[in-house]
Amino acid sequence: MQTPRNEYPRPQLQREAWHNLNGPWAFAFDDRDCGLKERWFDPETGKAYFDKEIIVPYTYQCEMSGINDQDFHDVVWYRKEVTLDKETMDEVMRLHFGAVDYKADVWVNGVYICEHEGGHVPFYGDVTQALVEGNNVIVLRVFDPTRDLSLPRGKQYWLRSSEGIFYTRTTGIWQTVWLEPLKEGHVERLWLTPDIDHKMLHMEYECDMSAVGGKMDIEVMLEGKLLVKETFELLNDKGKKGIYLDQGICDVWQFFEMWTWTPERPVLFDLKLMIVRDNQVTDKIDTYFGMRKVEVVDGIFMLNNRPYYQKMLLDQGYWEPSLLTAPSDEAYVVDIELAKSMGFNGVRKHMKVEDPRYLYHADKMGFLVWGEMAGAYVYSRKYVERMTREWLEVLARDYNHPSIVAWTPLNESWGVDGIMNNKDEQAHSAAMYYLTKSIDPMRCVISNDGWDHTKSDLFTMHDYEYRAEVLKERYSTLENILESRPSSRGLVARGWQYEGQPIIVSEFGGISYQTGDWEGWGYSSAENDEDFVERYQAVIAPLLASKHVQGFVYTQITDVEQEINGLLTYDRKPKVDLSIIKAINEGKYSQ
């Protein structure tokens, strides 16, 4: 059987040696939560408890897992036997999980390795001492409390069957699992910050202590041309390095547009790092970066020092046979290609921290992304703790992707439903803004997308009005915009005010149109192709005509389960001629 999802899972920090563990794993439901007491993690006696097989990285709730059971199972177990020979092992061995929803405990050969909370971010355990030559047994216990509404879960529903805006749950492993052999003296983390105004890259690096005293070699290439080659001594396990690109750029790529990253021309630089210690290469890293700048100047959203209009789609990131996990790496490419063919230049990933492979393709293909945290539904101290810890891991994982231009830690007051009046929830919203800016000052941060804003770089609104005349009047003046209450919600929380930020209508449209057997709902309904096109133009044209709106996010790219308000069906088939959608988005369509 072909191994599912066999592409390299961490595109921003690539090494040659890795062992993909996707594919068949033994699996078991633990509805009595007795697995710990009965020692299901024991490599010998525990095997008897695993009565099912699952295909990783697909969750048991979906068809591609081979199980396809949507019932409640809050505790599940995984077991994998892995044979290793001496050639596949090294001085350090790490077991990586791309994402496991929600709390994971890991054993190798009966030895407890690590635990991790957070369903959308990667983690690893050092398994060096636990692994042996020959057969090894990896066991994972997952706890995913269905009805805990303080859990960051996004669109995953806590009732048995999906309905409304909520979808089928995800429990357990839903991104790639792999083993990574390392030598002592390796890179732990890179933070790559482009600086287009000075034609340089600011690189922050973290290494293990064994790298100290060694040297790091750097090579930067653009379109096969070597621009920079440097070597410096590693005096500490962390540091900063300025990499100047100006001479190499000016020699060949004189014009600004030729070397900066945009959706129209997504230029990427290749970066190679090598650590040498005692004349031995201890690590080799391949990565990349894009030279692009995002900021707000005098109330204008700027990309690379120039005003830029964002025409984006809301993207839930679900697939019918595989839910949150893409059925293949090519599925990401298909979604981006279809969106670009309709005249969109980006997506707002909605209530989901997307797989790094999607971001990799967005980087390569030129596609803007707003990164968004999966929300919770109940405010509490426990929620704040969970949310903050996982959000910091999101920022660390995705910092280097040039496609990401904005962060959205909160959406529509999910998890902070009393934010309009409650000072603690307002403080949480503002704290998430400042916390994000403290880690990443180079991107825009939206405090609470849609309404009830506190501190925010972009002033975003959710407006599902479908009548063209109402939208035209609403967005004709700044006064009308600020006085409007789409969705019957205030745009700013009490005690806060609009501060001249760029105005983005970050959810609107949602026109339902059934073109197959799949039934569902939307915010307004079309009866046929002509009706759909007319309705689509009715919501797009007023925003394009407004002098005050600087971008929009249409709901949505695809149908999802009971929602049939996509421009594409759930299986990615266009509902109408995509060239018409593109013409409307460009203000060039006439019936």
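For reference, positions follow the sequence shown, starting with 1.
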- Task: Find out whether Ser506 and Trp370 are in side-chain contact, i.e. whether some heavy atom of one side chain is under 4.5 Å from a heavy atom of the other.
- Result: yes
- d(Thr287 OG1, Leu268 CG) to nearest 0.5 Å is 10.0 Å
- Taking atom CH2 of Trp25 and atom CG of Leu21, what is their separation to the nearest 0.5 Å? 6.0 Å
- Residues Tyr332, Tyr360; criterion ring-ring contact (aromatic ring centres under 6.0 Å, His included); working and verdict: CA-CA 10 Å; Tyr332 297 131; Tyr360 165 73; over 10 Å; no
- Would a line drawn from the ring center of Tyr318 to the ring center of Tyr570 be shorter than 6.0 Å? no
- Is a salt bridge present between Arg189 and Glu204, judged by a nitrogen-to-oxygen distance below 4.0 Å? no
- Item | Minimal non-hydrogen separation, Ile113 against Gly125, with atom names | CG2-CA, 3.7 Å
- Test side chain to side chain contact (heavy atoms under 4.5 Å, CB included) applied to Trp451 and Glu412, step by step: CA-CA 6 Å; Trp451 53 66; Glu412 287 189 348; 3.5 Å; yes
- Message: Under 3.5 Å, is there a donor on one side chain and an acceptor on the other for Thr168 and Glu561?
- Response: yes
- Message: Assess the residue pair Asp33 and Arg141 against the criterion (salt bridge (Lys or Arg N to Asp or Glu O under 4.0 Å)); give the C-alpha distance rounded to whole Å, side-chain angles, the decisive distance to 0.1 Å, and a yes or no.
- Response: CA-CA 10 Å; Asp33 194 14; Arg141 176 187 184 268; 2.8 Å; yes
- Passes side chain to side chain contact (heavy atoms under 4.5 Å, CB included), Asp31 versus His73? Steps please. CA-CA 6 Å; Asp31 296 338; His73 301 288; 2.9 Å; yes
- Residue pair Gln556 / Glu563, side-chain donor-acceptor N/O under 3.5 Å: yes
- Query: Just how far is it from atom CH2 of Trp407 to atom OG1 of Thr436, taken to the nearest 0.5 Å?
  - Reply: 8.5 Å
- Test applied, side-chain hydrogen bond (donor to acceptor under 3.5 Å, both in side chains); reference residue, Glu180; option that passes from His186, Arg94, His19, Arg10: Arg10
- Item | Ion pair check, Asp283 and Lys183, cut-off under 4.0 Å | no
- Query: Given the rule in the salt bridge (Lys or Arg N to Asp or Glu O under 4.0 Å) test, do Asp363 and Arg292 qualify, once you have shown the distances and angles that lead to the verdict?
  - Reply: CA-CA 11 Å; Asp363 294 340; Arg292 67 100 184 88; over 6 Å; no
- Query: What residues form a side chain to side chain contact (heavy atoms under 4.5 Å, CB included) with Val384, not counting sequence neighbours?
  - Reply: Tyr379, Thr388, His428
- Query: With the threshold set at 4.0 Å, does a side-chain nitrogen-carboxylate oxygen contact exist between Arg348 and Asp315?
  - Reply: no
- Value rounded to 0.5 Å, distance of OG1 in Thr59 from CG in Asp69: 10.5 Å
- Task: Please determine, by modelled atom types, if Gln175 and His96 share a side-chain donor-acceptor pair under 3.5 angstrom.
- Result: no
- Message: Just by distance, no angles: are the side chains of Trp178 and Asn20 close enough, under 3.5 Å, to form a donor-acceptor pair?
- Response: no
- In this structure, CD of Gln61 is separated from CG of Leu324 (nearest 0.5 Å) by 9.5 Å
- Item | Contacts of type salt bridge (Lys or Arg N to Asp or Glu O under 4.0 Å), residue Arg169, not counting sequence neighbours | none
- salt bridge (Lys or Arg N to Asp or Glu O under 4.0 Å) partners of Lys311, counting only residues at least two apart: none
- Item | Partners passing side chain to side chain contact (heavy atoms under 4.5 Å, CB included) against Asp417 (at least two apart in sequence or in another chain) | Glu425
- So does Lys349 pair up with Asp398, basic N to acidic O under 4.0 Å? no
- Query: Can we say Arg381 and Glu385 salt-bridge, meaning some charged N sits less than 4.0 Å from an Asp/Glu carboxylate O?
  - Reply: no
- Query: Is there a side-chain contact between Arg153 and Met351, using heavy atoms and a 4.5 Å cut-off?
  - Reply: no
- Query: Can you name the closest pair of heavy atoms from Ala339 and Leu313 and give their distance?
  - Reply: CB-CD1, 3.8 Å
- Query: Among side-chain atoms of Asp449 and Thr460, is any donor-acceptor pair under 3.5 angstrom?
  - Reply: yes
- Decide yes or no on side chain to side chain contact (heavy atoms under 4.5 Å, CB included) for Leu435 and Leu392, but give the supporting numbers first. CA-CA 9 Å; Leu435 177 67; Leu392 286 171; 3.9 Å; yes
- If you draw a 6.0 Å radius around NZ in Lys340, do more than 12 non-hydrogen atoms from other residues or ligands fall strictly inside? yes
- Query: Closest heavy-atom contact between Glu81 and Lys47?
  - Reply: OE2-NZ, 3.7 Å
- Message: I want to know whether Trp158 and Tyr377 have ring centres closer than 6.0 Å.
- Response: yes
- Task: Answer yes or no: does atom NZ of Lys364 have more than 12 heavy-atom neighbours from other residues, nucleotides or ligands under 6.0 Å?
- Result: no
- Query: Is the shortest heavy-atom distance from the side chain of Met64 to the side chain of Ile54 under 4.5 Å?
  - Reply: no
- In Tyr49, Trp40, Phe143, the residue satisfying ring-ring contact (aromatic ring centres under 6.0 Å, His included) with Trp77 is Trp40
- What residue pairs, at least two apart or across chains, pass side-chain hydrogen bond (donor to acceptor under 3.5 Å, both in side chains) with a residue in residues 97-114? Asp101-Gln156, Tyr102-Glu117, Lys103-Asp105, Lys103-Glu115, Asp105-Tyr112, Asn109-Asn136
- Task: Could you tell me whether the side chain of Leu95 reaches within less than 4.5 Å of the side chain of Val108, counting heavy atoms only?
- Result: yes
- Partner residues of Ala331 under the side chain to side chain contact (heavy atoms under 4.5 Å, CB included) criterion, sequence neighbours left out: Trp319, Ala326, Pro327, Ser328
- Have Asp335 and His361 got a donor and an acceptor in their side chains that come within less than 3.5 Å? no
- Query: If we only count heavy atoms from C-beta on, is the Glu507 to Val553 side-chain gap below 4.5 Å?
  - Reply: no
- Message: What I'd like to find out is whether the side chain of Tyr288 reaches to under 4.5 Å of the side chain of Leu271, using heavy atoms alone.
- Response: no
- Query: So, Arg32 and Glu38, do they make that salt bridge, N to O below 4.0 Å?
  - Reply: yes
- Item | Non-hydrogen side-chain atoms of Val92 and Asp126 separated by less than 4.5 Å | yes
- Does a side-chain N-to-carboxylate-O contact under 4.0 Å join Lys238 and Glu206? no
- Item | Other residues, nucleotides, ligands: >12 heavy atoms within 6.0 Å of Gln129 CD | no
- Item | Trp174/Tyr58 aromatic ring centres below 6.0 Å | no
- Could you check Leu13 against Leu190 for side chain to side chain contact (heavy atoms under 4.5 Å, CB included), going step by step and ending with a plain yes or no? CA-CA 8 Å; Leu13 199 68; Leu190 291 174; 3.9 Å; yes
- So do the side chains of Met373 and Leu410 get within less than 4.5 Å of each other, counting heavy atoms only? no
- Between Asn22 and Thr176, a side-chain donor and acceptor under 3.5 Å: yes
